[in-house]
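Before any comments, here is the structure.
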Amino acid sequence: MEKWYLMTIVVLIGLTVRWTVSLNPYSGAGKPPMFGDYEAQRHWQEITFNLPVKQWYFNSSDNNLQYWGLDYPPLTAYHSLLCAYVAKFINADWIALHTSRGYESQAHKLFMRSTVLIADLLIYIPAVVLYCCCLKEISTKKKIANVLCILLYPGLILIDYGHFQNIYNSVSLGFALWGVLGVSCDWDLLGSLAFCLAINYKQMELYHSLPFFCFLLGKCFKKGLKGKGLVLLVKLACTVVASFILCWLPFFTEREQTLQVLRRLFPVDRGLFEACLKTFLFFLFCFTFLSLLPACIKLTLQPSSKGFKFTLVSCALSFFLFSFQVHEKSILLVSLPVCLVLSDIPFMSTWFLLVSTFSMLPLLLKDELLMPSVVTTMAFFIACVTFFSIFEKTSEEELQLKSFSISVRKYLPCFTFLSRIIQYLFLISVTTMVLLTLMTVTLDPPQKLPDLFSVLVCFVSCLNFLFFLVYFNIIIMWDSQNGRNQKKIS
Amino acid sequence: MAALTIAAGTGNWFSALALGVTLLKCLLIPTYYSTDFEVHRNWLAITHSLPISQWYYEATSEWTLDYPPFFAWFEYILSHVAKYFDQEMLNVHNLNYSSSRTLLFQRFSVIFTDILFVYAVHECCKCIGGKKVGKELTEKPKFILSVLLLWNFGLLIVDHIHFQYNGFLFGLMLLSIARLFQKRHMEGAFLFAVLLHFKHIYLYVAPAYGVYLLRSYCFTANKSDGSIRWNSFSFVRVISLGLVVFLVSALSLGPFLALNQLHQVFSRLFPFKRGLCHAYWAPNFWALYNGLDKVLSVIGLKLKFLDPNKIPKASMTSGLVQQFQHTVLPSVTPLATLICTLIAILPSIFCLWFKPQGPRGFLRCLILCALSSFMFGWHVHEKAILLAILPMSLLSVGKAGDASVFLILTTTGHYSLFPLLFTAPELPIKILLMLLFTIYSISSLKTLFRKEKPLFNWMETFYLLGLGPLEVCCEFVFPLTSWKLKYPFIPLLLTSVYCAVGITYAWFKLYVSVLIDPPVVKTKKQ
């Protein structure tokens, strides 16, 4: 493309913002005996380098699972091993068995930060660039602006480079993005391979698995289950099985190995004693599936790239809202698909991404990341406003709500204020977020309610997310078959 | 929604650029800062805690006040805001005090005072014309100029990492240049006089101001062929200019004259006891001179022309700032450098006098004065290259030839600032920001002048590309070799000499373009 230099500049800006955020302190800095999650990553390098594969997931004298035991799938372990080899080359003290616990030094911090940046540069950023280049019906400049806005999304930057909790989120999200790219461009096998790698890197990616499954199934149905469709289905199944076998090969030798890994990944032993809790969880599970079933069914029956992306959003959001023991950073799994639809519905996407960053506020404040949070959020907001002119795109058509409001107007002819309502909701939402942030930073919570502000943040975010769940589901279900949408159906 | 639209400034690219770079500066707050941080904290303490009579005598800290009085007053005003952040930083005896609040205050004060710089850039964009190549915003000269100035790499790392207050000072200078372009000469002169009393390094460019104002303002008209018309001399203008300069100086130095401290003030402002070169040689002519001297002395020792006992012990590159002698080539005294500088700026001054080209000619002369002083000055800091780079940006969007010189000067000058940030965490930042600025400047100027001949010939391209391997060698390869302990100064020496070549070449090319410019004055309004 003729504007390669602009793209390079945009990527450089993204990298600069990432590195400057990483100059801030990390969680658990200097806090024995457990330190923080930075120590977890270092410990995994120590374990994978010094112990044989069979012992990685098992409790032993050398590997105390209570002290940051491995609880991610094998690909994370292999990645840690790779980093450990590099660490050994630079300074073997960093990963010496037992003696390197709680190791903290300027050089080591730099090393860990660099591994995150390199992983980002190799996997996530190329995926974003390629994705935006493959977008149809928008100009080159808009594509480059899209890359900039996605790269400036504060949530991912702050978690991966500031918070250091379970870093390398960009790796799993990057693989998932390669998956989306492959599947949208009809490279189904490569796409599903990439997505399998994503799942095998962090098991949370299972949030995205249902839309992938439905979309690919829908494609097979479209091609006809008697001919090409069946062939595609078989090929996909083989790809998935092969990729899983490849990743889990060392662990398939014994049944106990596989079970132990699964136990570490899905710790169902945690707090699952009472029967009423089990019943509650069962209903929660049902509710989750009910909320995402319509979108998935529609995706299977009418597979389209656009529907696929929106279904990714709605499924991930459903899982996030209704699942058990969800960590705040899991919102990143919803944010990634929303970034992908930034060019379709800039106003709502920007709003969502702002809320998603705000929802992580208690976590970020705990790590003294107030300044980077505020700065990156403002930068992201300014970028979106400047490049997408989001405040001019609030009409019903722009919000993709036209078909919905037409349907509603059949019953309520006076329902013409939809876009006005949404604008006011946006104002209220942003004002509340800003006020809450100010309050959390400046005021002390009352003695009887020490967690008041965190709970308020949670509550406000949850309300916003419920609104978005409804909105995205409406878009999917009322997606018009006529007009320009015809071209988008693959 | 309409109010939000206006507030968000949709379509106002200048605000977006200014806000964007301000946010980047906020992200740079936790980076490394040099001893200049302590310098300014000390000055805050001195001006806040002590009476004026002691400002230029105070020497508890080694970082004594060595800027003119207006800067001291500036620190005094800042100190009244500082007391709300952390009272302890204003204690003169709290040497090297750097609490997180102190850091926050100091960094924010630099970011805040940059408002003046933003305003000055805005004014400059208004008066720089330049051709319009396309309708796209990113191809307009105003846009390119704004980015080149607001996002200038050198200013970012010197002000917001290394820590200095150059932003608002350059804002004053650019504003005075803009006023001269807008024919508001008195304001321009006033602003420059004020600037001189903030930081006396701007004396480097004072000849350009003096000659231009005398020639083009005091003589109100020219003859038809552009030469001077002696009878159009206006006494009123001369006297009013003189009055402005006198009043500003009186305001600044008056109190110290009354206290009989002028001698002390001047001895602080012009400390000639320091050596010819800084610990790290600024990439000027003397860097090449020193390099040649070193090479000759090594050759001389090998070929037994020199007696090892007669060579002075103190090596120039051992990092100590002191007076020393050269071994093979003749030694250089402050007077010699002054004479060299004067000889170097004379041709450009003559050009400004005999063939005035209006404000553009003045700008060229200013840049040449700054560059020549950089080339031949005594104890020049490498940061002084910014004095030439920033005004040169104004010229770069006008002509292709100027753009070419600007790119060589800027890329080399910015690279020569690398040794200022020698810590490992800042390494990726300086490389990323340098790449950002260099790629943008080269590609945007190439696009702007795409209808003319290419900006670089093969030699220049080769030289600029050579900066990459040089960086890799100095920062990545060299520390892993055994030479690191024996000759620790080699990366600095190499950087200095390599950049000196580029800067000398740019200076030379600019001079040639000024001298061979046709002397015909355009009759239409400049």
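Lettering of chains follows the sequences in order, A, B, ..., and the numbering in each one begins at 1.
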Notebook entry, point to check: Say you draw a straight line from CG of A/Leu110 to OG1 of B/Thr423; how long is it, rounded to the nearest 0.5 Å?
Noted result: 9.0 Å
Notebook entry, point to check: Please walk me through it: do B/Ile429 and A/Leu23 pass side-chain contact (heavy atoms from CB on, under 4.5 Å)?
Noted result: CA-CA 10 Å; B/Ile429 297 180; A/Leu23 291 174; 3.5 Å; yes
Check: Measuring heavy-atom distances to chain B, does A/Met371 have an atom under 4.5 Å in its side chain, in its backbone, in both, or in neither?
Finding: side chain
Item checked: Any residue of residues 23-36 of chain B which, by heavy atoms, sits under 4.5 Å from chain A -> B/Leu23, B/Leu24, B/Cys26, B/Leu27, B/Leu28, B/Ile29, B/Pro30, B/Thr31
Note to self: Quick check for you: to the nearest 0.5 Å, what is the distance between A/Ile382 atom CD1 and B/Ser15 atom OG?
What the structure shows: 9.5 Å
Notebook entry, point to check: With chain A, which of B/Ile439, B/Leu432, B/Ile442 has the greatest number of heavy-atom pairs at distances under 4.5 Å?
Noted result: B/Leu432
Next item on the list: Drop me the distance from A/Tyr5's OH to B/Lys446's NZ, to the nearest 0.5 angstrom.
Entry: 11.0 Å
Checklist line | Heavy-atom contacts under 4.5 Å, residues 97-112 of chain B to chain A | finding: B/Leu104, B/Phe108
Next item on the list: Going by the side-chain contact (heavy atoms from CB on, under 4.5 Å) test, name the single residue among A/Arg113, A/Gln106, A/Lys109 that passes it with B/Pro425.
Entry: A/Gln106
Check: Which one, A/Leu6, A/Val374, A/Ile9, leads in non-hydrogen pairs under 4.5 Å with chain B?
Finding: A/Ile9
Margin query: Tell me which of these, A/Thr376, A/Val17, A/Thr8, A/Thr20, has more heavy-atom pairs under 4.5 Å with chain B than the rest.
Written below: A/Thr20
